[in-house]
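Beneath this line is the structure, given in structure tokens, with notes to follow.
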Amino acid sequence: MILNVTAAIASSLGIIVVYRHGIHGVHGRSYLFLTLGIISWFAADLTLAYYYFALGIEEQILVSATDVLWFAGYVFLALHLFSVLRFIRSKINFITLAIASVATILFISYNVFYIVSSSSHFLAVGDFVDFVVTMAYPVLDLILIIPSVLILANLRKDYVQSVPWFLSSLSLLINAIADDGYVNDFVNGHLHNLLFWDMFYLTDFIMMAGALFWYNSFHISHEKKRLKVIS
């Protein structure tokens, strides 16, 4: 329930930012994608809460609507990160790009190999489609980890912009890394460990809310005051 509350707060702040700023320019598009991604993941967590409280199901093994919502969230959040990267592309160091890409691919590959090699329990209770969907998560994390690392490594001293982008990128990086641990425990039947990884997802939404609150309070409000002075 706490996870859903923080997700609702982050979603609401995102809607406020989009409403006040609009969808024009790189910032408008990036925060629109960020908000849509947060809302998608919030809807997925809300669906899980319904499964738990209404149907008494603690964890979904079968492919369900939650997977569709999470996959949609990956798309929107990746678009947010790529929008930011496009804005700071002239500042990106090629060495940083190469190191981040290679390290992330090796990290994900190792986890995928480890999960596949120890997934006999999962395959015994599920089917191949369920297994493929579950394994898609650490692979999809590639589109979050690499851009997040590049943004964190290449942000400059644009104080107003760097704070919300830093927080949102760091939150997605934390979420992506936690996904690997979550999938690992889930596939191996260690369901008692899933609450530990939920704390990372909770942190993810809190940091998202912080990023959106900062942008709403210090950037949009400042811009509106500046426009009033000019007019």
Of all heavy-atom pairs linking Leu34 and Ser168, the shortest is CD2-CB, 4.3 Å
Taking Asn4 for the side chain and Leu46 for the main chain, is one N or O donor matched with an acceptor at less than 3.5 Å? yes
Closest non-hydrogen atom pair between Leu144 and Ala176, with its separation: CB-CB, 4.2 Å
Under 6.0 Å from the CZ atom of Phe71, do we count more than 12 heavy atoms belonging to anything else shown? yes
Between Asp45 and Phe205, does the side-chain contact (heavy atoms from CB on, under 4.5 Å) criterion hold? Intermediate values first, please. CA-CA 12 Å; Asp45 287 326; Phe205 281 123; 3.4 Å; yes
Indicate if Phe196 and Ile206 have the same hydrophobic cluster label, given that clusters are the connected sets of ILVMFWY residues with side-chain heavy-atom separations under 4.5 angstrom. yes
Looking only at heavy atoms, the pair that brings Ala209 and Leu13 closest together is O-CD1, 3.4 Å
Kindly indicate, with the supporting measurements, whether the criterion side-chain contact (heavy atoms from CB on, under 4.5 Å) is fulfilled by Ile39 and Phe76. CA-CA 10 Å; Ile39 291 174; Phe76 289 126; over 6 Å; no
CG of Asp198 to OG1 of Thr203, rounded to nearest 0.5 Å, is 10.5 Å
Given the rule that I, L, V, M, F, W and Y join up when any side-chain heavy atoms are under 4.5 Å apart, are Tyr74 and Phe82 in one cluster? yes
Thr66 OG1 to Tyr51 OH distance, which is reported to the nearest 0.5 Å: 5.5 Å
Test log, rule side-chain contact (heavy atoms from CB on, under 4.5 Å), inputs Leu48 and Leu3: CA-CA 11 Å; Leu48 278 185; Leu3 185 64; over 6 Å; no
Sole residue of Leu85, Leu81, Ile145 in side chain to side chain contact (heavy atoms under 4.5 Å, CB included) with Leu150: Leu85
Quick one: do Val75 and Leu69 end up in the same hydrophobic cluster if we chain Ile, Leu, Val, Met, Phe, Trp and Tyr together by side-chain heavy atoms under 4.5 Å apart? no
Calculate, to the nearest 0.5 Å, the distance between atoms CG and CD1 belonging to Asn216 and Ile15 respectively. 12.5 Å
When you group the ILVMFWY residues by side-chain heavy-atom contacts below 4.5 Å and let the links chain together, are Val68 and Tyr50 in the same group? no
Worked check of side-chain contact (heavy atoms from CB on, under 4.5 Å) between Thr6 and Tyr201: CA-CA 10 Å; Thr6 55; Tyr201 300 137; over 6 Å; no
What distance do Leu173 atom CG and Ile146 atom CD1 have between them, rounded to the nearest 0.5 Å? 11.0 Å
About how many Å separate CG of Leu170 and CD1 of Ile151, when rounded to the nearest 0.5 Å? 11.5 Å
Please check if Ile2 and Trp41 belong to a single hydrophobic cluster, counting links between Ile, Leu, Val, Met, Phe, Trp and Tyr side chain heavy atoms closer than 4.5 Å. yes
With sequence neighbours excluded, residues passing side-chain hydrogen bond (donor to acceptor under 3.5 Å, both in side chains) with Ser148: none
Looking only at heavy atoms, the pair that brings Met208 and Leu77 closest together is CE-CD2, 4.4 Å
Do Trp70 and Leu140 come within less than 4.5 Å of each other through their side chains, counting heavy atoms only? no
Would you call the rings of His80 and Tyr31 parallel, tilted or perpendicular if under 30° counts as parallel and over 60° as perpendicular? tilted
Specify the closest pair of heavy atoms between Ala7 and Ile38, including all atoms of both residues, with the distance to one decimal. O-CG2, 4.2 Å
Is there a side-chain contact between Leu32 and Val18, using heavy atoms and a 4.5 Å cut-off? yes
Gap separating the CD1 atom of Ile177 from the CZ atom of Phe200, nearest 0.5 angstrom: 9.0 Å
Return yes if some donor-acceptor pair links the side-chain N/O of Thr35 with the main-chain N/O of Gly14 below 3.5 Å, else return no. yes
